[in-house]
Amino acid sequence: SVPNLRDDQSLLEAIKTVWASLWNYEAYEARESFGINHSAVYPAVLIQEAMNADAAGVLITTNIFNREDRASVYVNAKRGLGIRVVEGRRVPEQLIFNPKTGAVRVLTRSGDDTMLSFDERGGVREIKIDLDRAVLTDAIVQRLARAALQIERVFGGRDQDIEWLIIGNRIYIVQSRPYVER
């Protein structure tokens, strides 16, 4: 991803960067591990309007830690933009929501003292934040999980890997794809 582009030249350079990512180490190794022919893969670029999030993350419509608890939803969150969650470089807030009981179980809290936000000149910037609060309230976790389970039903009950963000009290779904266990 190349976030918050401000002009046509930046957009053209970002498209080249995304196309070239087909050959980055992680992409190459993933194809190798799944036995995918490198010459049979073609890159694509999605250009979408960016939104400056209060919180963002990824959720999976199953409990990835317990195969017997398939009905629960795993939620992974950070304050600000979701770039750090997707990169997996820092510990996010991690939660398990059980839709039968409505319980939210905290696995980890985010220890970040900064968050990412869009810079007015383009790109992102770090902003200092207060560590004394959770990234998500239980009410938001429940709303996210309900939305995710509706998306899962749309896709025939197949577990989904969903990227989301929150602005104010509104939830936005950025993308959903089938969850593939690793």
Side-chain angles (χ1 to χ4, degrees), residues 1-5 18 21 26 30 44-112 114-118 124 126-127 129-182:
S1 293
V2 184
N4 198 24
L5 304 169
V18 171
S21 72
E26 292 83 5
V45 175
L46 169 66
I47 300 170
Q48 62 186 32
E49 183 176 346
M51 300 170 75
N52 212 8
D54 296 322
V58 174
L59 65 79
I60 299 171
T61 58
T62 190
N63 183 338
I64 63 173
F65 301 110
N66 182 353
R67 294 175 80 59
E68 294 177 20
D69 183 22
R70 305 303 282 178
S72 289
V73 175
Y74 170 71
V75 181
N76 196 316
K78 285 279 193 184
R79 287 179 196 86
L81 302 174
I83 297 167
R84 288 183 173 159
V85 174
V86 176
E87 288 176 345
R89 294 184 185 173
R90 297 195 184 175
V91 175
E93 183 167 278
Q94 296 178 85
L95 311 159
I96 300 287
F97 173 71
N98 182 321
K100 291 178 186 168
T101 65
V104 176
R105 184 168 41 128
V106 177
L107 303 176
T108 62
R109 289 284 185 209
S110 174
D112 279 354
T114 62
M115 70 179 218
L116 296 180
S117 181
F118 290 135
V124 297
E126 276 191 313
I127 299 172
I129 56 172
D130 178 13
L131 286 174
D132 294 336
R133 67 175 182 87
V135 176
L136 302 176
T137 64
D138 285 3
I140 290 286
V141 172
Q142 291 170 356
R143 287 179 50 215
L144 271 170
R146 286 189 187 97
L149 294 171
Q150 287 177 343
I151 292 167
E152 181 184 72
R153 280 191 289 279
V154 167
F155 290 106
R158 183 161 184 199
D159 290 335
Q160 295 293 299
D161 175 341
I162 299 171
E163 291 183 29
W164 54 269
L165 59 91
I166 295 172
I167 300 173
N169 202 28
R170 295 194 67 172
I171 294 171
Y172 296 86
I173 302 300
V174 179
Q175 100 179 352
S176 184
R177 61 181 169 247
Y179 171 63
V180 178
E181 280 188 68
R182 294 185 180 143

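All residue numbers in this chain count up from 1 along the given sequence.
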- Task: Mind running side-chain contact (heavy atoms from CB on, under 4.5 Å) on Leu144 and Leu136 for me, showing each step along the way?
- Result: CA-CA 10 Å; Leu144 271 170; Leu136 302 176; 4.1 Å; yes
- Query: What do the steps show when you test Gln94 against Val75 for side-chain contact (heavy atoms from CB on, under 4.5 Å), and what is the final call?
  - Reply: CA-CA 6 Å; Gln94 296 178 85; Val75 181; over 6 Å; no
- Message: side-chain contact (heavy atoms from CB on, under 4.5 Å) for Val174 and Trp164? Distances and angles first, verdict last.
- Response: CA-CA 5 Å; Val174 179; Trp164 54 269; 5.7 Å; no
- Message: Checking Tyr74 against Asn63 for the side-chain contact (heavy atoms from CB on, under 4.5 Å) test, could you report, in this order, the C-alpha distance in whole Å, the side-chain angles of both residues, the deciding distance, and whether it holds?
- Response: CA-CA 5 Å; Tyr74 170 71; Asn63 183 338; 5.7 Å; no
- Query: Do Arg177 and Glu163 pass the salt bridge (Lys or Arg N to Asp or Glu O under 4.0 Å) test, and can you show the C-alpha distance, the side-chain angles, and the key distance before you say yes or no?
  - Reply: CA-CA 9 Å; Arg177 61 181 169 247; Glu163 291 183 29; 3.8 Å; yes
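Minimum interatomic distance between Ser21 and Val18 (heavy atoms only, all atoms of both residues): OG-O, 2.6 Å. The shortest non-hydrogen separation linking Leu81 to Ala53 is CD2-N, 3.8 Å. The two atoms that bring Phe97 and Val141 nearest to each other are CB-CG1, 3.9 Å, heavy atoms only. Scanning all heavy atoms of the two residues, the minimum distance from Val124 to Pro3 falls at CG1-CG, 3.9 Å. Taking each heavy atom of Leu59 and Val73 in turn, the nearest pair found is CD1-CG1, 4.1 Å.
In this structure, CD1 on Ile60 lies 5.0 Å from OH on Tyr179, to the nearest 0.5 angstrom. Here OG of Ser176 is found 10.5 Å from CZ of Arg158. Values are rounded to the nearest 0.5 Å.
For the residue pair Thr61/Gln160, the side-chain donor-acceptor check at 3.5 Å is not satisfied.
Arg109 places a side-chain heavy atom less than 4.5 Å from the side chain of Leu95. Residues Ile47 and Leu5 fail the side-chain proximity criterion, which asks for heavy atoms closer than 4.5 Å. The side-chain heavy atoms of Leu116 and Glu126, taken from C-beta on, include a pair separated by under 4.5 Å.
Sorted by first and then second residue, the salt bridge (Lys or Arg N to Asp or Glu O under 4.0 Å) pairs involving residues 45-74 (not counting sequence neighbours) are Arg67-Glu181, Arg70-Asp159, Arg70-Glu181. Legend: side-chain hydrogen bond (donor to acceptor under 3.5 Å, both in side chains) pairs involving residues 137-150, not counting sequence neighbours, sorted by first then second residue: Arg143-Asn169.
A side-chain donor-acceptor contact under 3.5 Å links Thr108 to the backbone of Pro92.
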